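Letters go in sequence order (proteins before strands), and every chain restarts at 1. The structure presented is a predicted model; accordingly, all values stated were derived computationally and were not measured.
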Amino acid sequence: MTDRVADFHVDFTRFLAPDGTAVAPLPGFFDDPTLRRLYGHMVLARAFDTKAIALQRTGRLGTYAPSLGQEAVAVAVGAAMVDTDVLVPSFREHGAQLVRGVTLQELFLFWAGDERGNDFAGPRQDFPVCIPVGSHAPHAAGVALAFKLRREARAAVCVFGDGATSKGDVYEAMNLAGAWTLPLVFVVANNQWAISVRRAHQTAARTLAQKAVAAGFAGEQVDGNDVVALCHALRQALDRARAGGGPHLIEALTYRLGDHTTADDASRYRDDEEVGRHWKEDPIARLRAHLTARGAWTRDDEEALLTDCAARVEAAARDAQALAPEPAAALFDHLYATLPPALAGQRAALVQAEADHA
Amino acid sequence: MTDRVADFHVDFTRFLAPDGTAVAPLPGFFDDPTLRRLYGHMVLARAFDTKAIALQRTGRLGTYAPSLGQEAVAVAVGAAMVDTDVLVPSFREHGAQLVRGVTLQELFLFWAGDERGNDFAGPRQDFPVCIPVGSHAPHAAGVALAFKLRREARAAVCVFGDGATSKGDVYEAMNLAGAWTLPLVFVVANNQWAISVRRAHQTAARTLAQKAVAAGFAGEQVDGNDVVALCHALRQALDRARAGGGPHLIEALTYRLGDHTTADDASRYRDDEEVGRHWKEDPIARLRAHLTARGAWTRDDEEALLTDCAARVEAAARDAQALAPEPAAALFDHLYATLPPALAGQRAALVQAEADHA
Amino acid sequence: MPDITLVEAVNLALARAMAEDDRVIVFGEDVAVDGGVFRATDGLLARFGPDRVLDTPLSEGLFAGLAVGVAAQGFRPVAEFQFMGFMLPALDQVMNHAGRLRNRTRGRLTCPLVLRAPYGGGIHAPEHHSESFESLFAHVPGIRVVVPSSPARAYGLLLSAIRDPDPVVFLEPKRLYRARRQEVPDDGAGAPLDRCFVLRPGTDLTLVTWGAMVAETLDAAQALDREGVAAEVIDVATLKPLDTDTILASVAKTGRCVIVHEAALTAGFGAEVAARLADDGLFDLRAPVRRVAGWDTVMPYPRQERRYMPGTDRILAAARGLMEYA
Amino acid sequence: MPDITLVEAVNLALARAMAEDDRVIVFGEDVAVDGGVFRATDGLLARFGPDRVLDTPLSEGLFAGLAVGVAAQGFRPVAEFQFMGFMLPALDQVMNHAGRLRNRTRGRLTCPLVLRAPYGGGIHAPEHHSESFESLFAHVPGIRVVVPSSPARAYGLLLSAIRDPDPVVFLEPKRLYRARRQEVPDDGAGAPLDRCFVLRPGTDLTLVTWGAMVAETLDAAQALDREGVAAEVIDVATLKPLDTDTILASVAKTGRCVIVHEAALTAGFGAEVAARLADDGLFDLRAPVRRVAGWDTVMPYPRQERRYMPGTDRILAAARGLMEYA
Ligand SMILES: Cc1ncc(C[n+]2csc(CCOP(=O)(O)OP(=O)(O)O)c2C)c(N)n1
Ligand SMILES: Cc1ncc(C[n+]2csc(CCOP(=O)(O)OP(=O)(O)O)c2C)c(N)n1
Ligand SMILES: [Mg+2]
Ligand SMILES: [Mg+2]
């Protein structure tokens, strides 16, 4: 005797088609100024990418992970969150960091291999970039637990990639968030690739949204190149989470148009044709087409924006590079609240060695 | 615009109601001799439990994890597998080990804290008991990968508890099994408790069967105190796996009637009333009632079986205890295939210390 | 004031810390209703409620990472591992995050957490329930590693660990959990986290140890005393940062040193102590630095565990050997 | 026969091992189509096919456990970690399973696997891409820990590691991956896994090192030579089991020893070497045993990493210091 005891489903949502036409009426929130602002953020994120890659190529930045093609995901995350929420990002979310107030200069510092880039003046409780894939998901659960225990109407957002959904820590954090009804929104930036491993090889799951089924809460797919759909889904999920409704998973379907990082050569594992196809889904071109069709964007607007972004990025890069490195003692001065006496000798030796060298 | 892109469900299956009546016709395979055999295995497993607890209480066995109330799960696993399959158990599956040919004496040795209990003569490729919860799941994937790479029609079975479903390694192994279509059947012995943590606190997932949804394959719930339903589900899953159909997850709904281990006092965290309610689901009483109703089991059969089990268990316990401990050198002799010269001195010192003491 | 055991002292310190600072929360597996598998958290749920004493789902990696996140938000989580053998899945969080969060953000986010675990053998427990790998943690920058060996030190060191603004790995010798009772005033006084304790003064030989092996080492010192050898016994207590001064000062006096630990010899923490002596203490040494440690093999199943763990006899043999050197 | 780099030697050894034994399979992240992030597995997929070169889903803990399972079935898996910093989630499998499977089953199941990882700093990589914590593995019973430092040794040691019937952690100094070329005959000859290599004989001072720091240490030896100090340089190569004899014999001759490693000082593997000297080599020592190591702090982000890693100058200063002792 067999009975059906549970069923689940996954939905996919989009508002803007790749050519910019609205396939459904946009939620009221998305007026012209809002859309223009979102567009500006995406263009700035891309300008940062371009400059960062150029700096890396000339040895002035370390390995860099561009977000080319995925700008809508990060910008939507940044735009949907409120100041008191906390972002727990992976390493491809500078777009979200920028919207939340991390400065371009701080971002350049970080990517130039300077810890001060993480001491950003902006969202002071946000986590810095996390390099070990997925290992930040439990941190997001901890942040959300703090909100819940203090009965604050705040939420955490944890972003990671399709590859990260194979990590046990991501699953564990989702399971905890479900079990404890934590105010935590998980965002999978499914850009179809984890370095050279395509999404289909990462898991047999038809969608990544259904990873939430195992954790006992809902997941949904959203067009990850449609910043409107993303913002809308995120705002709903965040509102619900802040109100005590528990976690949610959003799978943003997007595509990594560039190399994995500046140390990668994507042509080793995927062909131009595939990339070309995905350029047609570009989130920036899509929103520009939509804005233009609405009469809310002109060629002049575009030129002004590009000029402004380039100038801001150039100035920030210059400022970041002008900053002298920290003194040698910095290697020890932030390790503990107070340097243990046992380490005083090492610190002195390092400072001395540096002085000898100078 | 929102579209449904995927849906999933979980079914629950039972053949025997708690009172032993068949709620659906039993599959042909379950003739009287088969059912009697299954019954005998369950009774033997319980007899082993009883003796092991007694030995532990008198200091002749280490901490012991009884399977009281869950005998159907382990016995069904053992009975549904064929010799060439490989069992990757947790620590409450001595019932399965017994059916597969591990001897009672070997089991007593293991639980008495003697590694030789793992060097069983029976199923030589089976894994031994695994203590770190969930950490054996990737091993099962490795075993299944070996079968797949060698194109052998064999399958692995990995058993773990409800608590283990919160471990990332279990999820990771399931995800891999799905991605690589491995011949691997996962069995969650959901006995409702992970020491003092009840199933509902472990996860918000309505069923544990739905953990498979995240891994992209099917999961089902089975009455875990109905050995017929379990055997049937397992045989189907194993046949499919051996034929290249990939992994499957079976959630066996059962109940731990005893303490977690002999080091535990379950009365600290659950009341007698709850336990009493679950005694009515006892898998042994259920099958006995069914057999009796079929006219395939008599009071004499019962007495003969109990006597036989007790005698076998007593004899094995005696034999195990009669076995002298290994010599001191055994601490080194199985560490590497050949003892590295660097360790020869330590081995000699240990042997010498032992001789001095004697 | 009744005498209490080491595990009761842990419980007392936890209760004290929770009473004095409501940012202190306790979580782990079975710490709430069950009061912990060793009862270290017994009574805390009843007293402080379910918001401050939480049973997590079964995953050590998870709750270590959870501790990092909630600590960054200003809480002071104390997470219990049931046994040290189950800490390994948490090592990624300890080394890649807990020890780095402050440094990585230049102090913007901090990580005041405590990870508690019973360690060591001798209680006839199953595989993985008897490990000692404190040296792994001692290698991790940015954390503290603390090992008490008496009820009083357990109380004082745990209080200090919880109050410390940085991550602490706190390893409790489970063989000593109920081995002896001691009067421990619940006065809230912490013990220093940067100092070794001289448990017994002596002039002929220094015995350096910590945690689980303190009992055997004190026994050995007593036996040596009867042989006319005055052994100084040092309980390292805080392995990281290591108070080398106390050890060097002792060996400067005695010229001989035996280091005792239960963990496997190779790359055990005894190596670090010996290395400090081989450098800064070399010319004080009259005799080789000996380590009495677990063998370089896997901790056996309980039937053989006594053969693995160093006993008083091995400490004595080493000590007597060193007394041969003039 | 063209000269090849260290990473090419790894590739050559992998190809050789796969050709000679079809039980050898290679897996990890991006090892197949991409040929590994450092190209160590380049060409293997094309040559040996998708059954023997497999991209796993993204989880190091998973593929370490997978290796244990498939090794127990008689395969000889070689798993690649992209960077050592990502090995931590695998430590549970290494310590609780790989190192124990043979012992636990009294030889019934065995675990002939190799876990490869690039380690060390100096390539200006992001956080977690520059770690050295070999001492953690050196503490784990039942495994071998091997660190090559030249193309020829990488080839020979890796072949031996793959052929070894027990688990081996194989750590490749990524700073040396392409640092120099060497003629490496593809003759299938393994190098011994239980011996240190004396890279340069000397009578005044012993420099003990391994892997990434061999280059700086050899440079220092050369500089010392110009100062009239004959330094013997030992490449430990196999950290576990440790060939103490070669080190002791050298120090018996020189009386002075500097140990050099990139990992943090405290509880680094240098401590073990120093401890052996403080015991069995004590009376050969004319001078303190010095360790030149990474500081006891987190490996900084790339802008500062040079300040963390010991350089030739620090080795020279230590060596010169020891020459002051008669
Ligand atoms: C634990 C861990 N393993 C390996 C790596 C190396 N690595 C960096 S990014 C990456 C792929 C990540 O893929 P995905 O999660 O899809 O994110 P994406 O890079 O596509 O944004 C890998 C393997 C890492 N950073 N952390
Ligand atoms: C990794 C790990 N953490 C903790 C433990 C201690 N422990 C042993 S069994 C158990 C609960 C397991 O619950 P479940 O998976 O439901 O299996 P059951 O005991 O109910 O059969 C715990 C926490 C362990 N063995 N391994
Ligand atoms: Mg991706
Ligand atoms: Mg259970």
Side-chain angles (χ1 to χ4, degrees), chain C residues 60-61 85-89 91-96 99-100 103-104 127-128 131 133 135-142 239-242 257 259 263-283 285 287-291 294-301, chain D residues 60-61 85-89 91-96 99-100 103-104 127-128 131 133 135-142 239-242 257 259 263-283 285 287-291 294-301:
Chain C
E60 289 76 11
F86 308 134
M87 294 186 92
L88 291 168
L91 212 73
D92 186 33
Q93 288 294 338
V94 173
M95 191 159 188
N96 278 340
R100 294 177 187 229
N103 185 67
R104 176 190 286 152
E127 192 182 355
H128 307 285
E131 346 294 302
F133 46 81
S135 70
L136 269 56
F137 292 108
H139 192 49
V140 178
L239 273 52
K240 186 184 189 82
L242 177 64
C257 185
I259 303 154
L265 179 83
T266 294
F269 193 71
E272 184 59 35
V273 175
R276 305 279 176 126
L277 291 171
D279 188 342
D280 297 317
L282 183 75
F283 296 110
L285 288 169
V289 178
R290 288 277 145 79
R291 289 177 289 164
W295 308 109
D296 278 324
T297 187
V298 173
M299 167 61 97
Y301 282 15
Chain D
E60 289 75 12
F86 308 135
M87 294 187 92
L88 291 169
L91 213 73
D92 186 33
Q93 288 293 339
V94 173
M95 192 159 187
N96 278 339
R100 295 176 185 230
N103 185 68
R104 175 190 288 152
E127 192 182 355
H128 307 285
E131 347 294 301
F133 46 81
S135 70
L136 270 56
F137 292 107
H139 191 50
V140 177
L239 273 52
K240 186 185 188 81
L242 177 63
C257 185
I259 303 154
L265 180 84
T266 294
F269 193 72
E272 184 59 36
V273 175
R276 305 280 177 126
L277 291 171
D279 188 342
D280 297 317
L282 184 75
F283 297 111
L285 288 169
V289 178
R290 288 276 144 80
R291 288 177 291 163
W295 308 108
D296 279 324
T297 187
V298 174
M299 168 59 99
Y301 282 14

Checklist entry - Among D:Pro241, D:Ala287, D:Gly142, who wins on heavy-atom pairs under 4.5 Å with chain C? => result D:Ala287

Next on the checklist: Tell me which of these, D:Asp296, D:Thr297, D:Asn103, has more heavy-atom pairs under 4.5 Å with chain C than the rest.
Outcome noted: D:Thr297

Interface residue of largest heavy-atom contact number with chain D, from [options], under 4.5 Å:
options                      : answer
C:Glu131, C:Lys240, C:Glu127 : C:Glu127
C:Thr266, C:Asp92, C:Leu242  : C:Thr266
C:Val140, C:Leu265, C:Leu282 : C:Leu282

Select one option (side chain, backbone, both, neither) describing which atoms of [X] are under 4.5 Å from chain C's heavy atoms.
X       : result
D:Asn96 : both
D:Gln93 : neither
D:Phe86 : neither

Side chain, backbone, both or neither: which part of [X] has a heavy atom under 4.5 Å from chain D?
X        : result
C:Phe283 : side chain
C:Phe133 : both
C:Leu91  : both

Checklist entry - For the atom pair CZ (C:Arg104) and NE2 (D:His128), what is the distance rounded to the nearest 0.5 Å? => result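 Spacing of CZ (C:Arg104) from NE2 (D:His128) equals 4.5 Å.
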
Item to check | Under the side chain to side chain contact (heavy atoms under 4.5 Å, CB included) test, residues paired with D:Ala274 that sit two or more places apart | outcome: C:Ala275, D:Ile259, D:Val289

Item to check | Exam field: side chain D:Glu272 to backbone C:Ala267, donor-acceptor pair closer than 3.5 Å | outcome: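 Between the backbone of C:Ala267 and the side chain of D:Glu272 there is a qualifying donor-acceptor contact (under 3.5 Å).
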
